[in-house]
Each structure stands twice: as structure tokens, then as C-alpha cells.
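Just the heavy atoms: all of them, side chains too, but no hydrogens, waters or symmetry mates, feed the values below. The model shown is predicted, which means the values in this text are computed figures rather than measured ones.
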Amino acid sequence: MLTVENLSKTFELALTHRMTVRPFDSVSFHVPKGHFLGIVGPSGIGKSSILKCIYRTYLPTTGNIYYESERLGPIDLAQADERDILLLRQTEISYVTQFLRVIPRVPAVDVVAERLLPLGWPEDRARGEARAMLERLRIPPALWDAFPATFSGGEQQRINLARALIVKPRLLILDEPTASLDPETKEIVIGFLRDMKREGTTMVGVFHDRDAMARLADEVFDLADWNRRRAEAFHAYNG
Amino acid sequence: MIQVTEHAAERAVPTWTARIRADEKLLEVRGLTKRYGPGCSSCHQPETGEWHSSRCPRCGTIWACRSLDFHLYPGEILGVVGESGSGKSTMVKCLYFDEEATSGEMTLSVCPGDGNLLQASSQRKRYVRNHLMGMVYQNPYLGLRMNFSSSGNVAEKLFAASQFHVGRVRRRAAELLERVEIPLARMDEPPARFSGGMQQRVQISRALANDPPILLLDEVTTGLDLSVQARVLDLIRSIRRELGVAMIVVSHDLGVIRMLADRTMVMRHGAIVEHGLTDQILEDPQHPYTQLLVHSLL
Ligand SMILES: Nc1ncnc2c1ncn2[C@@H]1O[C@H](COP(=O)(O)OP(=O)(O)OP(=O)(O)O)[C@@H](O)[C@H]1O
Ligand SMILES: [Mg+2]
Ligand SMILES: [Zn+2]
């Protein structure tokens with residue numbers, strides 16, 4: 001479903017002086033349909049950067065990200081046209097971080113419901129679906145018509161999840177989506193994600209929480225280990 | 001209460017509204033160039049190279065737009081950012097024929113027979129201005145007749161599109177002004193008596209009068225108080241959601257661009273230095289100038 005080949009990212013910064021940052025280099029992995037690939041590694045090693053390249057918030061410097069799209073067929077997300085990326089983000093690919101960045105002055109229920117409007121849902125049905133989603137994620141009904149900007153960290157995180165999950169994405173990119181949830185809510189989210197996997201959603205993500213990772217991941221990609229093995233192979237080859 | 005339902009049914013819903021993805025570019029611009037001055041041998045190929053300003057050091061000609069290439073799909077919002085004097089306003093004015101482009105091509109998929117509209121007859125240009133594009137200027141004095149009634153300002157646009165039935169025009173004007181939250185009781189007051197935010201909203205209703213598939217917005221929130229800005233931005237978002245109008249949003253405020261635009265292009269010294277998905281431009285800017293721009297926002 002998702003095949004990453006030789007993916008590298010280099011930032012060329014030219015602010016005060018020229019600077020090159022290379023968060024990860026020549027990474028390859030494959031995620032079968034309905035599987036969850038967890039990426040692990042110490043803080044700052046480049047896990048989130050990989051996820052952002054897949055979503056194309058970062059422009060990959062080299063490599064390919066092959067994805068089997070339902071609407072567009074096989075497509076290389078690293079090279080795809082911006083228009084195609086926007087379409088996939090609307091219909092097939094969702095991305096959740098721990099930080100909420102939504103439009104101000106829009107009530108929670110609409111923040112979630114508006115994801116369904118481009119898919120042709122009428123407004124009232126979209127709102128109904130959004131309320132069901134908020135309920136499932138245990139957002140108190142009193143908050144449904146309030147502005148998420150004032151919500152607690154955990155509530156905002158669940159709004160993020162609701163926005164990502166409501167479109168039933170085929171590919172879900174998760175960056176610490178449970179970081180600020182209490183144990184009980186975390187349970188609900190993990191259960192939810194397991195259900196989605198069973199229904200065929202492919203996932204790639206980062207969880208600091210080892211327990212969550214163990215219960216969700218079918219495969220684990222260890223970035224530190226990958227770097228070490230590459231370095232060893234390089235030295236072995238070059239004698 | 002004014003009866004608007006009958007009127008709403010009279011108007012055909014344009015076919016471009018309901019599509020999630022129209023595969024055709026609605027607007028395509030190639031090599032758009034605007035020069036103020038005669039040009040000389042050292043600036044005859046203005047599209048090449050990085051310049052230090054839009055001004056040719058030898059002849060003093062200002063190359064406000066240097067060979068711009070871009071496109072717009074139905075229903076999408078294209079953001080345009082860049083420092084003062086980078087050519088953003090000149091670009092939209094050329095698209096709306098307020099300024100005559102020096103060279104370049106502009107085509108609209110909804111009028112394929114016309115070819116390059118920058119070369120079209122003034123009659124065709126008028127048709128495009130009245131039916132296919134709406135323009136909202138930073139300065140409401142450019143977009144409105146300040147001492148006409150507000151409803152008259154909207155009606156003028158409808159008359160320009162050959163709607164002459166007075167009752168119907170009045171109903172449509174009321175509907176449009178109501179859409180932008182101008183109280184009906186005030187629809188016959190002149191914009192001169194309105195606040196800056198209200199004037200921008202009257203401009204928007206006027207620009208939308210004939211259901212154009214494209215809206216051009218040049219710094220519409222610049223200079224407004226924050227809370228007034230917020231209302232105008234909310235209005236633009238809801239128009240996009242409900243009407244599916246494609247927009248070119250010019251702003252030097254990256255916050256506005258972040259909130260509205262799907263894709264963004266960055267202009268400097270009359271040229272496009274970078275373009276991409278808005279979140280990519282903001283989080284992974286490639287060009288040193290964009291990096292500086294984004295960095296100064298944080
Ligand atoms: N009528 C004109 N005659 C001569 N030069 C002009 C004319 N109109 C614009 N210019 C010049 O063209 C360049 C681009 O101006 P423009 O108004 O398009 O910039 P802008 O990007 O919209 O700037 P701002 O952010 O300040 O609105 C500037 O150097 C400006 O001085
Ligand atoms: Mg300007
Ligand atoms: Zn010159």
C-alpha cells in the first residue's frame with residue numbers, strides 16, 4: 001500500500017549563514033494494506049520529518065513514496081502534482097499531530113464536519129456524523145458548539161483525531177496522537193485505531209508510548225538501528 | 001422580509017460549483033509581464049536571473065511582473081505573498097484588465113474560443129470582468145462608488161451583465177448584501193457612511209453579483225482592526241465553502257495566507273521565487289527569501 005524507497009531530506013537554510021540539516025538519509029520501508037508501521041528512535045532523529053515527507057508538508061529531497069491510491073492509481077507522493085496531493089488529503093490521506101492547528105472562530109462540531117463537505121455530504125448530515133464522532137471520542141456535548149482554541153490539550157488532540165478519522169482515510173499518518181490523553185481516553189483511541197485497521201486502513205506513525213505502540217504496530221522501523229546498519233555496510237564495503 | 005426564493009431558483013447554478021475535482025485548469029497564465037518604462041538592451045530578457053529590485057539599473061524601467069507562470073483550478077484558493085512592491089497588485093490588475101499587460105497569455109477554460117484574453121477585444125474583456133471575474137481592492141475607493149447607495153453599487157454590476165428587470169435586480173442586490181451581513185435596513189445607504197470592514201463586505205457582494213467562478217482579492221483585510229479582519233476572513237471562507245468560487249488571495253500577511261490558501265506562490269522583485277502547497281511553503285520554504293519571510297512571522 002505504501003512503499004518508501006531511499007527517501008532523504010536535506011534542509012538548506014540560508015538565514016544568517018548557510019546551513020545544511022539532514023534529518024534522515026536513504027530510508028526504505030514497506031507497509032502492507034491494513035498494517036500499522038511504527039517508527040521508533042530517539043528524540044530528534046527525524047521520525048516526524050519522515051511523516052511530513054509522506055504528507056508532503058516537507059518536500060522530499062530524494063527518493064520515492066509509492067502509494068496505491070483508490071482514485072489516482074499508483075502514485076509517487078514524492079513527485080506528485082500539488083493538485084493530486086490536495087485531492088488525496090481531502091479524500092484518502094489523513095495526518096494527525098499532537099498540535100491542533102484549526103481555523104479560529106469555528107465551533108468544534110463544524111471543525112470536524114467541514115472535512116465531509118468537499119466529499120459531497122449535506123451540511124446537516126455532516127454535522128450529525130461529526131457529533132457522533134465527538135461522542136465516540138468522549139468530547140463532552142457542552143463543548144461541541146464551543147471554539148476548540150480554548151480547549152485543553154487532550155480535548156484539542158481529540159478534535160484533531162476526529163477530523164482525521166471522520167473521512168475514513170485509506171492511509172493514516174499519526175505523530176504522537178495520544179501524547180496528551182488520559183489513560184481512559186487513550187484506550188478509546190487505541191480501540192478506534194484497531195477497528196480502523198481491521199477495516200483496511202493503512203497506518204504509519206510514531207508513538208512514544210511503548211504500550212500503545214506494542215498494541216498497534218504490526219511492524220516496527222527502528223531509525224537508529226537503520227542508520228547504524230547502513231553505516232556498517234558502508235564501512236564494510238569501503239574496507 | 002424580502003422574498004428571495006423565487007429569484008434564487010431563476011438563476012442557473014453554475015456547473016463548476018459541485019465538482020470536487022475538475023481536471024481542467026480554470027485559469028492559466030503564461031509569461032505575464034508588465035513593464036513601466038521603455039526597457040533597454042540590458043533588461044530585454046527580464047525573466048532570467050535573480051534581480052536585486054524590479055528596477056533596471058541602466059534605464060530605470062520597472063519590471064513589475066516578470067514572466068509569471070501560474071494556474072488556478074476551479075474552487076481552489078491560490079495565495080500570493082511577497083514584500084511591498086513585489087508586483088502582487090500589478091499582477092491581479094493585469095488579470096482584471098485594470099492594467100494592460102506588456103506581454104503574456106491568459107486563458108480561461110470557460111471561454112476556450114477566446115484564446116489569449118490579454119489580446120482580446122475590449123468587448124470580450126468587459127464580458128470577462130462582468131461575468132467571469134470579481135475583484136475586491138484593498139482600497140474600497142477603487143472598487144465602490146462611495147456616494148451611490150450600496151444596493152446601487154451591486155445593481156450596477158447586475159446591469160452590466162444585462163439584467164434589467166428592476167424588481168429582480170433589487171431582490172438580488174438585497175440577497176447579496178444580506179449574504180455579507182449588511183443589514184437590509186442599510187442597503188440604500190452609501191458606502192461612504194460605512195466602516196472599513198463594511199465597505200469591504202459591500203465590495204465582496206458587488207464582486208459576487210454575477211456568480212463569477214473567479215474572485216480576485218487584493219489585500220482585503222489590510223488596515224482593518226483585528227476583529228473586523230476576522231469577520232471578513234470568515235466571510236471569505238464561507239463564500240468559498242458555499243459557492244465553490246476559485247480565488248486568488250493577495251496578502252503580505254502569512255497568517256491570512258495560512259488560513260485561506262491551498263497553494264501559495266511567493267513573489268519578489270516582480271518574479272515568482274517559489275510556489276507550493278501552503279503548509280509546505282510555511283514549514284519547508286526552499287528559497288532564502290521565503291525562509292526569511294516565514295522566519296519573521298515566528
Ligand atoms: N503606474 C505605475 N507606474 C510606475 N510604476 C509602477 C506603477 N504601478 C506600480 N508600479 C511599480 O511596480 C512595482 C510593483 O508594484 P505593485 O503595486 O504591483 O506591488 P505590490 O506587490 O502590490 O506591493 P504592496 O504590497 O505594497 O501592495 C513597484 O515598484 C511599483 O512602484
Ligand atoms: Mg499591492
Ligand atoms: Zn533597462
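Summarising the local packing, NE2 of B:His269 is surrounded by more than 12 heavy atoms from other residues, nucleotides or ligands at distances under 6.0 Å. Counting heavy-atom neighbours within 6.0 Å of A:Arg22 CZ, excluding the residue itself, gives a total of 12 or less.
Between A:Arg56 atom CZ and B:Leu277 atom CG the span is 5.5 Å, to the nearest 0.5 Å. Atom CD of residue A:Glu114 and atom CZ of residue B:Arg241 lie 6.5 Å apart, to the nearest 0.5 angstrom. Remark: A:Ile85 CD1 to B:Gln280 CD distance equals 10.5 Å, nearest 0.5 Å.
Both the backbone and the side chain of A:Tyr58 come within contact range of chain B, with heavy atoms under 4.5 Å apart. At a 4.5 Å heavy-atom cutoff, the contact between A:Glu82 and chain B is made by backbone and side-chain atoms alike. If you measure heavy-atom distances from B:His287 to chain A, you find no contacts under 4.5 Å at all.
Checking side-chain atoms of B:Glu76 against main-chain N and O of A:Arg83 turns up no donor-acceptor pair under 3.5 Å.
Closest approach of B:Gln291 and A:Ala14 over heavy atoms only: OE1-N, 2.9 Å.
Options A:Leu117, A:Leu59, A:Leu13, A:Leu86 differ in how many heavy-atom pairs under 4.5 Å they form with chain B, and the most are formed by A:Leu59.
Electrostatic pairing of B:Asp279 and A:Arg89 counts as a salt bridge here, judged by a charged N lying under 4.0 Å from a carboxylate O. Taking a cutoff of 4.0 Å between a charged side-chain nitrogen and a carboxylate oxygen, A:Lys9 and B:Asp284 qualify as a salt bridge.
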